[in-house]
Number of protein chains: 2
Amino acid sequence: MPRTGRPRGFNRDEAVVAAMLLFWEHGFESTSLAQLRAAMGGISPASFYAAFESKEGLFREVVQQYISTYGQVSESFCDTTMTSKAAIEQGLRRSARMQTERSHPQGCLLVLSAVNCSPEQKHIRDMLAKERERVRNWIKDCIERAVANGELPDSTDIHMLVTLFETFLQGISTQAQDGAPYEIIDAAITQLMSIWDTLSAS
Amino acid sequence: MPRTGRPRGFNRDEAVVAAMLLFWEHGFESTSLAQLRAAMGGISPASFYAAFESKEGLFREVVQQYISTYGQVSESFCDTTMTSKAAIEQGLRRSARMQTERSHPQGCLLVLSAVNCSPEQKHIRDMLAKERERVRNWIKDCIERAVANGELPDSTDIHMLVTLFETFLQGISTQAQDGAPYEIIDAAITQLMSIWDTLSAS
DNA sequence: GGACTTCTGGAACGATTATTATATAATTAA
DNA sequence: TTAATTATATAATAATCGTTCCAGAAGTCC
């Protein structure tokens, strides 16, 4: 927050949101600086680099912006105020709902926006992989809690079950991008969650 | 097959395979012509364009090459010599096995190689979406057959069940790219298929 | 009113993008 | 042996990539 100097001519927060929508739709490498600058209010290269340092710097901010807004749906996975089953189920349903909304690009930015990378920018892909791992660990903790408190039997294959739910969760991104409506994914989630009852009954 | 003229100085088939591996790993836009030409035996721009017309032309050939080799694993979904359940299960397991092999890039080329696209090349993404739809229709036909011959009850929500399996199938690509081993995905498939028995018993 | 600080417009940077032009080499058919 | 055909090497194309430079504009502080 500079107390002196010429004031910025554009709204930084709005610019980050505009950039997020572009990166979300086209991905990190396929979104050009010219596109970004145009969407951010037609700002000049100088303004861009003064505010964000680099394209990668902006992308890092965009990822945090996404996580703290749209991405919050996956925080259901680490919500311990409900049963583990309810947490997993709500996490899946809210993710499916958010990712299929038409008011923004479809799918999950953390899954989609750095799939295609040239070798010299593999660290961008790795960065998103780390963010996905955070979500995976939430799911893992959630299922471990279920075993610990008797929601699921001790014999439960935790690693397998985490992979089952995470694989489905990640598949939602492609489904959403291909235009699948929320209702059908929601129905599939209902069917998927029936596995939980099968497991808890045994 | 030209009967006259100077013979080609490189093996066209091998060049397509080399290009496939690059597109598979980095995606359509993130793979440059310079990289491609180097991997294809260090051929010149002139040789490249004489043989493939354009980068897009090469990519279309690559997609067909993939479908007729590695991609064949998904033809299990349209194999009517076994039960529908066995066809779905085998399609998933073979896809998981192939996509996690370390002898080539991980994941499915049809799912991964055109996720990030600039607007002017959206038709590339659409082309792959069409190929994915072919697989989806195999799954759909397979499940419809199951309902028709009594493997699954008439009350089965076909659209839901197709989405359930396809979403999981597409999620395998991200799992494989993130380094998930075959065994754990295979275990998840076993659990996923238990849904089939739940449905057929009702 | 300077001095200081920050942001902006605009031009330019070198590198890389996919693609094309030109001239020549290597083959077959007549 | 000449013509026709196809592939080659090399150079150059225009456009775009992310980024930097520079002079000036627009503020606050003393």
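Side chains included, hydrogens not; waters and symmetry mates left out as well; all remaining heavy atoms used. Sequence lines set the chain letters: A, B, ... in the order given, protein chains first and strands last, and positions in each chain run from 1.
The P7(A) side chain lies nearest to dG27(D) when the options are dG27(D), dT10(D), dA18(C). The R6(B) side chain lies nearest to dA26(C) when the options are dA26(C), dA9(D), dG18(D).
Each of I189(B), D186(B), I184(B) was evaluated against T163(A); a single residue qualifies, I184(B), per the side-chain contact (heavy atoms from CB on, under 4.5 Å) test.
A salt bridge does not link K130(B) with D126(B): none of the charged nitrogens is closer than 4.0 Å to a carboxylate oxygen. The existence of a salt bridge linking R12(A) and E61(A) is confirmed by a sub-4.0 Å separation between a basic side-chain nitrogen and an acidic carboxylate oxygen.
Rounded to whole Å, the distance from CG on L36(B) to P on dA18(C) is 8 Å. Taking atom CG on L33(B) and atom C1' on dT20(C), their separation rounds to 12 Å, with Å as the unit. Atoms CD (E29(A)) and P (dG18(D)) sit 9 Å apart, rounded to a whole Å. Rounding to whole angstrom units, CZ of residue R8(B) and P of dT5(D) are separated by 17 Å. Nucleotide dT20(D) holds its P atom 9 Å from the CD atom of E53(A), rounded to whole Å. The interatomic distance linking F48(B) (CZ) with dT10(D) (C1') rounds to 18 Å, in whole Å. The CZ atom of R37(A) sits 17 Å away from the P atom of dC7(C) (whole-angstrom rounding). Atom-to-atom, CZ of F10(B) to P of dA25(C) comes out at 20 Å; the value is rounded to the nearest Å.
Contact check, S47(B) against dT8(D): a side-chain N or O comes under 4.0 Å of OP1 or OP2.
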Table of protein N/O atoms under 3.5 Å from nucleotides 11-15 of chain C N/O atoms:
none

**Request:** Determine, stepwise, if the pair Q175(B) / Q99(B) fulfils side-chain contact (heavy atoms from CB on, under 4.5 Å).
**Result:** CA-CA 9 Å; Q175(B) 286 290 309; Q99(B) 291 183 39; over 6 Å; no
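Looking at heavy atoms from C-beta onward, F48(B) lies out of side-chain contact with F10(B) at the 4.5 angstrom threshold. Side chains of V63(A) and M20(A) form no contact here, defined as non-hydrogen atoms less than 4.5 Å apart.
The residue T31(B) sits close only to the backbone: its heavy atoms come under 4.0 Å of sugar-phosphate atoms, none of a base. Within the 4.0 angstrom heavy-atom criterion, only backbone atoms of the sugar-phosphate kind lie near S32(A); the bases stay farther away.
Side-chain contact of H123(B) with E56(B): a donor-acceptor pair under 3.5 Å is present, judged by distance alone.
A donor-acceptor contact under 3.5 angstrom links the side-chain atoms of T4(A) to the base of dG27(D).
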